[in-house]
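In this text, all values refer to a predicted model and were calculated from it rather than measured experimentally. In this chain, residues are counted from 1 in sequence order.
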Amino acid sequence: AQAPWSPNIQQLLVFLIADASGWAVTNPPALPFTKGQTERDFAITVQVPPETSHMLQGTLQVSARWRYSPGSTQGTVEPVSAIIYVAQYYQFSVGCEKPYMQVGPGQSLGFKLRLINEGNANDKLRVEVTNLKELNDKGWTVQLSQDKFQVPEKQERVLQISITTPVEWNAWKNDVDTIQLRVVSSQAETTGAISDISDYSLYIRQRGVSVPGFEPTFAIMALAGLAALFYGRRK
């Protein structure tokens, strides 16, 4: 406000008006200026709506009007503007329609894992089997279709996991083993940002005869043949 101060003027009041492209804005109260004051700091709070995309920008525009107190002289202040950049946040989830399966020893199976980007920008995810060495030492074979994914904002990718269970010398096996997975945002790691770390487990029950080279169907046929031969000799 460039109007001159007169002896009877005690204060100049500035009323701020802020707009942020429809986002919620909290205006500060009127700012009083006394004689000799040329500037004052003020704060305006803008609330960005939840899940706003990193690709969107907001514009904050602040205008003002002023008047003397006491007095009727008043005027306006030239508006100023600023750009609001929305920071990226990293959030994702992992899911599987059938995280538990049952197979016979030595058989193969597969899982389909969903990697869902719930953040507000594109992300790069990395998947690892944390107990892979333990599984390999026990004779398991675990293969991922890929271990790195680029997942667009609010979209998902499917990871296929192929598994072959080991064959061991057990007359009967009925055990549950776990495939332990960890999903992290490699993009967040690169930028030093805070991100989710998702640990997810798949469960496999091996149930059945576990003898290398043993075929139950052939065994039943062989037993039937021996029984028929024994019965024929008795006659």
Side-chain angles (χ1 to χ4, degrees), residues 18-26 43-62 80-103 108-138 140-165 176-205:
D19 179 78
S21 306
W23 294 348
V25 180
T26 302
I44 290 179
T45 301
V46 179
Q47 183 176 10
V48 180
E51 299 186 10
T52 299
S53 174
H54 174 60
M55 303 303 295
L56 294 179
Q57 295 179 0
T59 301
L60 172 66
Q61 187 172 66
V62 182
V80 295
S81 61
I83 302 297
I84 301 173
Y85 295 95
V86 180
Q88 179 174 359
Y89 66 86
Y90 296 87
Q91 183 176 326
F92 54 88
S93 61
V94 182
C96 182
E97 185 177 351
K98 295 181 179 180
Y100 170 87
M101 289 191 184
Q102 178 175 303
V103 295
S108 298
L109 69 156
F111 290 93
K112 288 186 178 180
L113 207 67
R114 298 170 59 218
L115 308 177
I116 307 168
N117 180 4
E118 298 178 349
N120 68 336
N122 299 341
D123 200 357
K124 295 179 181 178
L125 303 181
R126 186 182 72 251
V127 184
E128 61 179 300
V129 182
T130 57
N131 64 335
L132 182 60
K133 185 179 184 305
E134 175 187 342
L135 293 169
N136 287 340
D137 292 343
K138 293 167 61 176
W140 288 69
T141 300
V142 181
Q143 294 181 326
L144 307 181
S145 58
Q146 60 187 97
D147 60 357
K148 296 181 177 64
F149 295 81
Q150 292 192 7
V151 188
E153 178 183 352
K154 297 297 184 290
Q155 295 188 32
E156 66 179 66
R157 291 289 183 264
V158 176
L159 164 63
Q160 295 187 353
I161 305 174
S162 301
I163 300 170
T164 301
T165 61
V176 176
D177 290 275
T178 305
I179 309 296
Q180 298 173 359
L181 303 168
R182 172 164 290 183
V183 183
V184 299
S185 170
S186 57
Q187 182 170 313
E189 289 179 334
T190 301
T191 60
I194 298 175
S195 171
D196 289 341
I197 296 178
S198 180
D199 291 320
Y200 196 86
S201 296
L202 302 171
Y203 301 92
I204 302 171
R205 178 182 292 277

Got Trp140 and Ile204 here, is their nearest side-chain heavy-atom distance under 4.5 Å? yes
d(Asn122 CG, Gln88 CD) to nearest 0.5 Å is 8.0 Å
Check side-chain contact (heavy atoms from CB on, under 4.5 Å) between Tyr203 and all other residues, then give those that pass, not counting sequence neighbours. Tyr100, Val176, Thr178, Ser201
Closest non-hydrogen atom pair, Phe149 against Arg157: CD2-CB, 3.8 Å
Are any non-hydrogen side-chain atoms of Thr165 and Leu109 less than 4.5 angstrom apart? yes
Which heavy atom of Pro99 sits nearest a heavy atom of Tyr200, and at what distance? CB-OH, 3.9 Å
Give me the one residue out of Asn131, Thr130, Asp199 that meets side-chain hydrogen bond (donor to acceptor under 3.5 Å, both in side chains) with Arg182. Asp199
Set out, in order, the CA-CA distance, both residues' side-chain angles and the distance that settles side chain to side chain contact (heavy atoms under 4.5 Å, CB included) for Tyr89 and Glu51, then state yes or no. CA-CA 9 Å; Tyr89 66 86; Glu51 299 186 10; 3.5 Å; yes
Minimum heavy-atom distance between Ser185 and Leu125, given as atom pair plus value: CA-CD2, 4.0 Å
Answer yes or no: is there a donor N or O on one side and an acceptor on the other, between the side chain of Asp123 and the main chain of Asn117, under 3.5 Å? no
May I ask you to test the Gln180-Glu134 pair for a side-chain heavy-atom distance under 4.5 Å? no
What one should report as the nearest heavy-atom pair of Gly110 and Met101 is O-CE, 3.1 Å
Would you say Gln187's side chain and Ala193's backbone share a donor-acceptor pair under 3.5 angstrom? no
Distance check, rounded to the nearest 0.5 Å: Gln150 atom CD versus Gln146 atom CD? 10.0 Å
Between Leu115 and Val127, is there a side-chain heavy-atom distance shorter than 4.5 Å? yes
Quick one, Leu181 with Ile161, criterion side chain to side chain contact (heavy atoms under 4.5 Å, CB included). Give me CA distance, side-chain angles, the key distance, then yes/no. CA-CA 11 Å; Leu181 303 168; Ile161 305 174; 3.7 Å; yes
Any heavy-atom pair between the side chains of Ile84 and Thr59 that's under 4.5 Å? no
Just verifying a value: how many Å separate Lys148 NZ and Glu128 CD, rounded to the nearest 0.5 Å? 10.0 Å
Does a side-chain heavy-atom distance below 4.5 Å link Ile179 with Val129? yes
All salt bridge (Lys or Arg N to Asp or Glu O under 4.0 Å) counterparts of Lys133, not counting sequence neighbours: Asp137
Just by distance, do the side chain of Asn120 and the backbone of Ala87 share a donor-acceptor pair under 3.5 Å? yes
Whether Lys154 side chain and Gly119 backbone form a donor-acceptor pair below 3.5 Å: yes
Check: Ser186 side chain, Lys124 main-chain N or O, donor-acceptor pair, under 3.5 Å: yes
As a quick check of understanding, evaluate side chain to side chain contact (heavy atoms under 4.5 Å, CB included) for Phe92 and Val183, giving each step before the final call. CA-CA 9 Å; Phe92 54 88; Val183 183; 3.6 Å; yes
Which residues share a salt bridge (Lys or Arg N to Asp or Glu O under 4.0 Å) with Lys138, sequence neighbours left out: Asp177
State which residues pass side-chain hydrogen bond (donor to acceptor under 3.5 Å, both in side chains) with Gln160; sequence neighbours excluded, sorted by chain then number. none
Can you see which heavy atom on Gln57 is nearest to which on Trp23, and at what distance? C-CH2, 4.2 Å
Gap between atom OG of Ser93 and atom CD of Glu156 - 0.5 Å precision: 8.5 Å
Do His54 and Glu153 have side chains that approach each other closer than 4.5 Å (heavy atoms only, starting at C-beta)? no
By side-chain hydrogen bond (donor to acceptor under 3.5 Å, both in side chains), which residues pair with Ser108, not counting sequence neighbours? Thr164
Is there side-chain contact between Phe111 and Glu97, with heavy atoms separated by less than 4.5 Å? no
Salt bridge (Lys or Arg N to Asp or Glu O under 4.0 Å) with Asp147: which residues, sequence neighbours excluded? none
